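Since the structure is predicted, the reported quantities are computational estimates derived from the model, not experimental observations. Atom set for the values below is all heavy atoms of this structure, side chains included, hydrogens, waters and symmetry mates excluded.
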Amino acid sequence: MLRVADVERLVAGIEGAAASEERLGIVVRVGRGSVEETLAQLKVAGFNWLVDLLGTDTGEHVEITYHLRSYEAGQDVFVKTAVPYDGELASVWQICPAALMPERETAELFGLRLSGHPNPKRLLTTDGVEPLLRKDVAVRTPEEFRR
C-alpha cells in the first residue's frame, strides 16, 4: 500500500512539490512549471496511466488535476496545479498520450492557452464563445439558448 511518505520520496527533487493525504486520496501539489517533471517521475515509478485530466474554477484560479493510476500497485495519485485565469497550460501529451483530448477540452472550457500541443484548436465550441465553465461567465437563459 502506497503511503504519502512514499510519494514524497518520489517527488523529493522536484521544486515546490508537496504530497498530502486528502479525501480524494494522495495528492501532489506542484507549480505549473513542475507538472511535466512530476508526471514523468511518477510514470517511471509505475503511475503510467492517465485516468483523467480535469479543471476546476476555484474562484481565484483554475486548478488542473491529473489522475494517475498504477495498475501494478493498485493505487491512484492525483497531481494538482494552479493556472491563472487566461493563463497557459503546458501540454503533457508526450508523457501521457491520453491527455491529447482532455487538454483541449479543459483549455477551451476554462479559457486557457494550450502550449506544446500538436493540435490546440477548439474541440467543442466555435471561436468567440466564452469559457463556459468559468464562474465569471454568466449563465445563459433558456431564451438565449433557444436562439
Side-chain angles (χ1 to χ4, degrees), residues 1-140:
M1 182 91 171
L2 191 70
R3 296 183 316 257
V4 173
D6 300 327
V7 175
E8 284 177 338
R9 277 193 293 280
L10 291 174
V11 298
I14 300 170
E15 184 179 337
S20 63
E21 181 73 37
E22 298 181 16
R23 288 187 342 177
L24 189 60
I26 297 176
V27 175
V28 179
R29 294 187 184 277
V30 297
R32 279 189 303 151
S34 300
V35 170
E36 296 96 334
E37 182 181 3
T38 303
L39 294 178
Q41 187 68 28
L42 289 169
K43 185 174 185 174
V44 168
F47 291 91
N48 48 5
W49 293 95
L50 178 71
V51 176
D52 202 1
L53 182 157
L54 54 112
T56 306
D57 185 349
T58 66
E60 299 173 5
H61 57 263
V62 178
E63 183 175 73
I64 304 297
T65 303
Y66 302 87
H67 178 183
L68 304 172
R69 178 169 293 150
S70 169
Y71 282 107
E72 292 174 10
Q75 291 279 160
D76 292 352
V77 170
F78 300 86
V79 176
K80 294 188 174 205
T81 191
V83 179
Y85 292 126
D86 301 316
E88 189 170 292
L89 175 63
S91 179
V92 296
W93 77 272
Q94 291 181 321
I95 300 163
C96 303
L100 277 170
M101 292 303 175
E103 283 179 335
R104 286 174 62 185
E105 177 184 8
T106 302
E108 177 181 348
L109 294 176
F110 289 99
L112 305 174
R113 291 183 314 281
L114 189 56
S115 66
H117 195 283
N119 187 9
K121 296 185 291 187
R122 286 178 170 263
L123 185 64
L124 304 170
T125 63
T126 58
D127 289 336
V129 174
E130 293 181 281
L132 299 173
L133 294 182
R134 289 223 321 232
K135 291 181 178 181
D136 60 349
V137 174
V139 176
R140 292 170 43 183

Query raised in the report: In chain order, what residues pass the side-chain contact (heavy atoms from CB on, under 4.5 Å) check against Thr38, with sequence neighbours excluded?
Result: Val11, Ile14, Val28, Val30, Ser34, Leu42, Val79

Query raised in the report: What side chain to side chain donor-acceptor pair (under 3.5 Å) pairs are there with at least one residue in residues 85-95, not counting sequence neighbours?
Result: Asp57-Tyr85, Asp86-Arg134, Glu88-Ser115, Ser91-Glu103

**Report entry** Residue list, side chain to side chain donor-acceptor pair (under 3.5 Å) with Gln41, at least two apart or on another chain
**Finding:** none

Query raised in the report: Between the side chain of Gln75 and the main-chain N/O of Leu2, is any donor-acceptor distance below 3.5 Å?
Result: yes

Query raised in the report: Does atom CZ of Arg3 have more than 12 heavy-atom neighbours, drawn from other residues, nucleotides or ligands, at distances under 6.0 Å?
Result: no

Requested in this report: Please list, chain by chain and in numerical order, all residues satisfying salt bridge (Lys or Arg N to Asp or Glu O under 4.0 Å) with Asp52, sequence neighbours excluded.
Outcome: none

Query raised in the report: Which residue pairs pass the side chain to side chain donor-acceptor pair (under 3.5 Å) test with at least one member in residues 7-18, sequence neighbours excluded?
Result: Asp6-Arg9

Requested in this report: Determine the minimum heavy-atom distance between Gly31 and Thr81, stating which atoms define it.
Outcome: C-OG1, 3.3 Å

Query raised in the report: Which distance, rounded to the nearest 0.5 Å, do you find between the OG1 of Thr125 and the CG of Leu109?
Result: 7.0 Å

Report summary line: Rounded to the nearest 0.5 angstrom, the CD-CG distance for Glu105 and Leu54 is 9.5 Å

Query raised in the report: Looking only at heavy atoms, what is the nearest atom pair of Gly111 and Pro131, with distance?
Result: N-CB, 3.3 Å

Query raised in the report: Excluding sequence neighbours, so at least two apart, what forms side-chain contact (heavy atoms from CB on, under 4.5 Å) with Leu112?
Result: Val62, Ile64, Val83, Leu89, Ala107, Phe110

Requested in this report: Can you measure from CE (Met101) to NE2 (His117) and round to the nearest 0.5 angstrom?
Outcome: 7.0 Å

Query raised in the report: Going by the salt bridge (charged side-chain N to carboxylate O under 4.0 Å, His left out) test, which pairs reach into residues 30-44, not counting sequence neighbours?
Result: none

Requested in this report: Determine the minimum heavy-atom distance between Ser20 and Val4, stating which atoms define it.
Outcome: C-CG2, 3.8 Å

Report task. Quick one: which residue pairs count as a salt bridge (charged side-chain N to carboxylate O under 4.0 Å, His left out) with a foot in residues 18-30, not counting sequence neighbours? Result -> Glu22-Arg29, Arg29-Glu63

**Report entry** Shortest non-hydrogen contact from Val92 toward Ala99
**Finding:** CG2-CB, 3.9 Å

Query - Pair listing, ring pair (Phe, Tyr, Trp, His ring centres under 6.0 Å) test, anchored in residues 12-32, at least two apart - result: none

Report task. Could you please spell out the steps behind the side chain to side chain contact (heavy atoms under 4.5 Å, CB included) verdict for Leu50 and Leu68? Result -> CA-CA 5 Å; Leu50 178 71; Leu68 304 172; 3.8 Å; yes

Report summary line: All heavy atoms of Lys121 vs all of Arg104, minimum pair found to be O-NE, 3.0 Å

Query raised in the report: How would you list all residue pairs meeting ring pair (Phe, Tyr, Trp, His ring centres under 6.0 Å) that involve residues 16-70, not counting sequence neighbours?
Result: Trp49-Tyr71, His67-Phe78

Query - Residue pairs, two or more places apart or on separate chains, that pass ring pair (Phe, Tyr, Trp, His ring centres under 6.0 Å) and touch residues 12-43 - result: none

Query raised in the report: With sequence neighbours excluded, what pairs up with Ala40 under the side-chain contact (heavy atoms from CB on, under 4.5 Å) test?
Result: Ile95

